[in-house]
Amino acid sequence: MFDLDGVLVDSEPTWEEVRRAFVAEHGGRWPADSQSRLLGMSTAEWARYISEEMHVELPAPRVAEAVIDEMARRYAARVPVLPGADGVLHRLAGRWQLGLASSSPRRLIDTVLATIGWQDLFETTVSTEEVERGKPAPDVYETVAHRLGVPPASCVAVEDSGNGMLAAASAGLTLVAVPSRRYPPSAEALAHAAVVLDSLAELTPDVIARVG
């Protein structure tokens, strides 16, 4: 199972830029650690956080709509695929079922997969919009495993963020960590990893077979 943002596409800086600009435009406050706090939250959770905690005087649904519209506009111009992502997915899809467990909204997941041509590589994709709680809760990973018809303990998760790592570990998956350099995960989150890689390009079938 793969996360999307930060693992397959280098979109976290764009999320930060778009959210930060939105908050500034609407008179809110953006503390230095805001993006790290928002990583892994579902759409409803981060929109509510921006509305209430960052003092943007708009209801959460309007916050979500505006931010997602701008992200979709950015993706229409360019999807920032991370180096090695396409090759890794094609190599692994030849041996195992692949699932996607993402905090991106469904609209953006579908846009990215269709634009790059990855939609047929994944047996199932789940957004945290479609479960009760976002990461670090285990809900999204448990749901992907259920849809694949396999126990979480027989699955491997590939994650970059601390909240994503905690979600995968809480769900009982084996964790492969590819830590974000811009938003580094905590030592607590990394401690759950069976293996830590410097880049996605290092994720070979042999690595998966060894840790799984």
Side-chain angles (χ1 to χ4, degrees), residues 1-9 11-12 38-46 82 84-114 116 118-180 185-186 188-197 200 202-212:
M1 300 183 198
F2 286 85
D3 178 36
L4 180 63
D5 297 291
V7 172
L8 299 175
V9 294
S11 51
E12 296 295 4
L38 297 173
L39 289 175
M41 288 186 184
S42 68
T43 302
E45 289 168 341
W46 61 252
L82 279 163
D86 187 70
V88 165
L89 290 178
H90 279 89
R91 285 194 296 271
L92 298 186
R95 292 185 58 176
W96 295 284
Q97 295 183 90
L98 300 188
L100 189 75
S102 176
S103 298
S104 272
R106 169 55 58 187
R107 174 183 171 192
L108 295 185
I109 291 173
D110 291 345
T111 296
V112 168
L113 298 188
I116 304 171
W118 287 346
Q119 62 268 49
D120 293 335
L121 296 177
F122 292 97
E123 295 288 333
T124 189
T125 64
V126 179
S127 164
T128 53
E129 283 186 336
E130 299 157 352
V131 297
E132 184 177 352
R133 300 170 297 175
K135 302 171 184 177
D139 302 30
V140 68
Y141 278 107
E142 292 172 342
T143 301
V144 173
H146 176 74
R147 291 189 183 181
L148 291 175
V150 293
S154 69
C155 301
V156 174
V158 185
E159 273 284 359
D160 69 306
S161 72
N163 282 341
M165 293 176 194
L166 293 173
S170 181
L173 282 75
T174 298
L175 173 63
V176 171
V178 188
S180 169
S186 67
E188 174 196 2
L190 277 172
H192 293 286
V195 64
V196 179
L197 305 179
L200 190 65
E202 297 178 7
L203 185 63
T204 64
D206 285 345
V207 170
I208 297 297
R210 185 170 72 249
V211 302

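Worth saying up front: this structure is predicted, and the values here are computed from it rather than measured.
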C155 versus V150: any side-chain heavy-atom pair under 4.5 Å? yes
Heavy-atom pair with the smallest gap, counting every atom of L92 and T204: CD2-C, 4.2 Å
Pair F2, L203 - check side chain to side chain contact (heavy atoms under 4.5 Å, CB included), show working. CA-CA 12 Å; F2 286 85; L203 185 63; 3.8 Å; yes
Taking everything shown except E188 itself, do over 12 heavy atoms lie less than 6.0 Å from its CD? no
Considering only residues two or more places apart or on different chains, which pairs with a residue in residues 156-167 satisfy side chain to side chain donor-acceptor pair (under 3.5 Å)? K135-E159, Y141-E159
For H146, what residues pass the side-chain contact (heavy atoms from CB on, under 4.5 Å) criterion, not counting sequence neighbours? none
Can E123 and R147 be said to form a side chain to side chain contact (heavy atoms under 4.5 Å, CB included), step by step? CA-CA 9 Å; E123 295 288 333; R147 291 189 183 181; over 6 Å; no
Kindly compute the distance separating CZ (R91) from CZ (R95), expressed to the nearest 0.5 Å. 12.0 Å
Check W96 against P205 and note the closest heavy-atom contact, atom names and distance. CH2-O, 3.5 Å
Min side-chain heavy-atom separation L197-V158 under 4.5 Å: no
Looking only at heavy atoms, which two atoms of I109 and S104 are closest? And how far apart? CD1-O, 3.5 Å
Is any side-chain heavy atom of E130 closer than 4.5 Å to one of T143? no
Gap separating the CZ atom of R133 from the CE atom of M41, nearest 0.5 angstrom: 14.0 Å
So CG of L173 and CD of E142: to nearest 0.5 Å the spacing works out to 9.0 Å
Check P185 against S180 and note the closest heavy-atom contact, atom names and distance. CD-O, 3.9 Å
V126 side chain reached by S102 side chain, heavy atoms, under 4.5 Å: no
Would you mind reporting whether L100 and L8 have side-chain heavy atoms less than 4.5 Å apart? yes
Taking all heavy atoms of P152 and all of A171, pick out the closest pair and write down the distance. CB-O, 3.1 Å
Point-to-point distance, once rounded to the nearest 0.5 Å, from CG of L121 to CG of D86: 7.5 Å
Would you name the heavy atoms of G6 and S11 that are closest together and state the gap between them? N-OG, 4.2 Å
Check: T128 and D139 side chains under 4.5 Å, non-hydrogen atoms: no
Enter the distance from T43:OG1 to R106:CZ here, rounded to the nearest 0.5 Å. 11.0 Å
Using the side chain to side chain contact (heavy atoms under 4.5 Å, CB included) rule, take V7 and L82 through it: C-alpha gap first, then chi angles, then the decisive distance, then the call. CA-CA 7 Å; V7 172; L82 279 163; 5.6 Å; no
Hey, is the main chain of G134 close enough, under 3.5 Å, to the side chain of S42 for a donor-acceptor pair? no
Is the shortest heavy-atom distance from the side chain of M165 to the side chain of L190 under 4.5 Å? yes
